[in-house]
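In what follows, a single structure is set out as structure tokens and then discussed.
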Protein chains: 2
Amino acid sequence: MSDVAERAGVSKMTVSRVLAGRNVSQATRERVQKIIDELGYVADAAAGALSSGRSEFVAVLVPSLSSSNFSDTVRGLNAALGPHGLQLLLGDTDYRLEQEELLVRSMLRHQPRCVALTGGRHTEATRMLLQRAGIPVVEMWDLPSDPIDTVVGFSNSAAARAMVRHLHERGYRRMGFIAGASERDRRGHDRMRGYVAEIRALGLGEPRVIRLGDSPITMSHGAPAIGALLDTWPDTEAVMCVSDMSAFGAIMECHRRGLSVPGDIAVAGFGNFEVSWCCQPSITTVSVDAYGIGVRAGEMLLAALADREAGDAHRRKAVKIDFTVIARDSA
Amino acid sequence: MSDVAERAGVSKMTVSRVLAGRNVSQATRERVQKIIDELGYVADAAAGALSSGRSEFVAVLVPSLSSSNFSDTVRGLNAALGPHGLQLLLGDTDYRLEQEELLVRSMLRHQPRCVALTGGRHTEATRMLLQRAGIPVVEMWDLPSDPIDTVVGFSNSAAARAMVRHLHERGYRRMGFIAGASERDRRGHDRMRGYVAEIRALGLGEPRVIRLGDSPITMSHGAPAIGALLDTWPDTEAVMCVSDMSAFGAIMECHRRGLSVPGDIAVAGFGNFEVSWCCQPSITTVSVDAYGIGVRAGEMLLAALADREAGDAHRRKAVKIDFTVIARDSA
DNA sequence: TTGAAAGCGCTACCAG
DNA sequence: CTGGTAGCGCTTTCAA
């Protein structure tokens, strides 16, 4: 920067102002900008952050970057925060809370302006770290009872219950549920709990749950799972799956076995992934606006940042996101 | 850090050494670490980077984070680089070179240690910026003729030609190709060019190409595309699709039309995505080790960094990744 | 094994 | 609108 300043015959401060788009006379600005371009000068963000005491980072943690759900949420966050000059520092927790803690710790070193987490469960240390950092935090995709700060999510349990009621209304009675064997995928686990609760509430007998494979289960788990379900309870009329991925796998297995869906057995998914509306038959599912969660979460963080800037008190808020049961051909 | 130092009764330097795991007596180390834990002190990475002149960032640019191909590559990069204390700075170019340029510019501000790009095409300004940054660069998923630095990839064109030959060997003659309408997805475009070249080389008549939808096309584009193909050339025996996603969409459309795959028409995909082996019928495809590309790319960057550290000359290298045609049920 | 001083490249702050 | 000064929190370097 000294270099640029010298060549332009101005002080470093003026160069800094040009870069920041502050008050600089037209003539000076153009002259400085020209030198910057010629030299290909790129300002050092670390020095800027150190000096100003504020970085442009936003720490974002998702369980998996390969799930289109979460990558949509990340896109939403980026859409909301990018225009404000904020840079996402992305981390993939692989559905593990210890990994989340590790990443939070490492990201906090970069003094992020705020943090977006997925889910409402975290290690005690994670909560502590975040608390001490004293920056806005948003938890997404869940409605925790003891939020850290702000929340943008919905009840996975309630969404699953809505699907059970939907199937019940369509006349299905003997329903099963397919899920992963572990609780790693908390939101999937919550859906399963919702299914069980609603089955009980409707007096539909004992829940028929097949738990197979490490959560979150994907397409390939759907086939063996529905196989196991039909082996255990051959008279099952409908199957809810923890996600559209496993529902798809289940439907393909039905094709292989010569079972018609929904004629012989109905199958429902969760998430409204692209496969759910491209599949033949199209898959009845629960739609959640993953991108919208990201956008809303970004907006909440922005608002918290603005409040803090203005010296206003920090209000914790919880934004409840809608979900919709989408009736299609498979159930 | 001064705070920690004071309470521990040592100098800042000793605290710094404890954090870096350098030579510090056992007793001192434990005492300092205890204070660090008590205070929940987290060192400022920006200050460290400024002072030492080296960040721990690696800039990584992929066309899309939602494609499992690229998120696998990102996982591979992380697996190779994470253990060395490097932090990925992820960017999604949305398949646009101008977006890539923007992101490179913004990431360069953080003085990354090295850069991983997807593809071999970049704007002139991107190349310039990278050149001037003077740090190791790896281009992935392609074999550019004029690489910036290091390369880890394969020829998409050659891979598509291999698939044409495979189908030819299986007895198919009248083959079509489904792709997106734009050239945004360069690698998809290269596959299409490979198809055309091989069709010509084998003397199989005029290429039958349907280009529909903005690249990269996904599941939902497969259905209308195969419809258009069959409308235009009803006697087509086999269809190659630019990706497994579109192949899946095409197969589902065949089901809807009561066409048997491969009985009435064969369909092949590209990428060996999960859907290709879960689909009924399973999809014949080309397998590429996306995760491996990331790992190899990470290793190349590490090697370049080590060379540089040791003061060795920098060798540009190109690593050619294998691909395999996987014969399944759909073709 | 530990400490003191210097300085990384930038921005806040106050002067002019 | 522009410039000078101080200092952000660390690490490097050298000395003890």
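Labels below follow one simple rule: chain letters A, B, ... track the order of the sequence lines, proteins then strands, and each chain is numbered from 1.
- With rounding to whole Å, Asn23(A) atom CG is found 14 Å from dG3(D) atom P.
- The terminal axes of the helix from dT1(C)-dA16(D) to dG16(C)-dC1(D), fitted over 5 pairs per end, subtend an angle of 20° to the nearest 10°.
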Every protein N/O lying under 3.5 Å from an N/O of nucleotides 5-8 of chain C:
unit_1	atom_1	unit_2	atom_2	d
dG7(C)	N2	Ser51(B)	OG	2.9
dC8(C)	O2	Ser51(B)	N	3.4

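- Atom-to-atom, CZ of Arg109(A) to P of dC10(D) comes out at 9 Å; the value is rounded to the nearest Å.
- Between Phe57(A) and Phe57(B), the ring-plane angle classifies as tilted under the 30° and 60° cut-offs.
- Rounding to the nearest 0.5 angstrom, the gap separating the CG atom in Asn78(B) from the CG atom in Leu90(A) is 11.0 Å.
- Heavy-atom neighbours of Glu98(A) CD from other residues, nucleotides or ligands within 6.0 Å: above the threshold of 12.
- Put simply, Tyr41(A) has a side-chain N or O that comes within less than 4.0 Å of OP1 or OP2 on dC10(C).
- Remark: Lys34(B) does not engage Glu30(B) in a salt bridge, criterion side-chain N to carboxylate O under 4.0 Å.
- Distance, Met1(A) CE to dA12(C) C1': 13 Å, rounded to whole Å.
- An OP1 or OP2 oxygen of dC10(D) is reached within less than 4.0 angstrom by no side-chain nitrogen or oxygen of Ser16(B).
- Applying the 6.0 Å contact sphere to CD of Glu38(A) captures more than 12 heavy atoms from other residues, nucleotides or ligands.
- For the residue pair Ser68(B)/Ser66(A), the side-chain donor-acceptor check at 3.5 Å is not satisfied.
- Summary of the strand contacts: Gly9(B) and Ala46(A) both lie near DNA chain C, and taking for each the nucleotide with the nearest heavy atom, the more 5' one is attributed to Gly9(B).
- Within the 4.0 Å cut-off from OP1 or OP2 of dG3(C), at least one side-chain nitrogen or oxygen of Thr14(B) is found.
- A heavy-atom distance below 4.0 Å to DNA chain D is reached by these residues of residues 25-39 of chain A, ordered by number: Ser25(A), Thr28(A).
- Counting heavy atoms of neighbouring residues, nucleotides and ligands inside a 6.0 Å radius, atom CZ of Arg127(A) exceeds 12 of them.
- Classification of Arg54(B) and Glu309(B) as a salt-bridged pair holds, one side-chain N sitting under 4.0 Å from a carboxylate O.
- Within a 6.0 Å sphere centred on CZ of Arg29(A), other residues, nucleotides and ligands contribute more than 12 heavy atoms.
- Look at CD on Glu6(A): it is 14 Å from P on dC10(C), rounded to the nearest Å.
- Tested against Trp141(A) for a side-chain hydrogen bond (donor to acceptor under 3.5 Å, both in side chains), the candidates Asn69(A), Asn156(A), Thr73(A), Thr118(A) yield a single pass: Thr73(A).
- In this structure, Leu19(B) atom CG and dG9(D) atom P are separated by 15 Å, rounded to whole Å.
- No engagement by Ala45(B) is indicated, since no non-hydrogen atom pair under 4.0 Å with the nucleic acid exists.
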For Arg75(B) and Asp72(B), run salt bridge (Lys or Arg N to Asp or Glu O under 4.0 Å): C-alpha distance rounded to whole Å, both residues' side-chain angles, the deciding distance at 0.1 Å, then the answer. CA-CA 5 Å; Arg75(B) 283 197 308 112; Asp72(B) 281 348; 3.3 Å; yes

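- Taking atom CG of residue Asp44(B) and atom P of nucleotide dC10(C), one finds them 16 Å apart after rounding to whole Å.
- Partner Asp149(A) forms a side-chain hydrogen bond (donor to acceptor under 3.5 Å, both in side chains) with one of Arg316(A), Lys317(A), His314(A) and no other, that one being His314(A).
- Looking at heavy-atom distances under 4.0 Å, Gly53(A) makes no contact with the nucleic acid at all.
- Across all strands shown, Ala43(A) has heavy atoms under 4.0 Å from sugar-phosphate atoms exclusively, and none from any base.
- Residue-level contact check: Arg22(A) touches the backbone only, with heavy atoms under 4.0 Å from sugar-phosphate atoms and none from bases.
- In this structure, Arg54(A) places its CZ atom 15 Å from P of dG9(D), rounding to the nearest Å.
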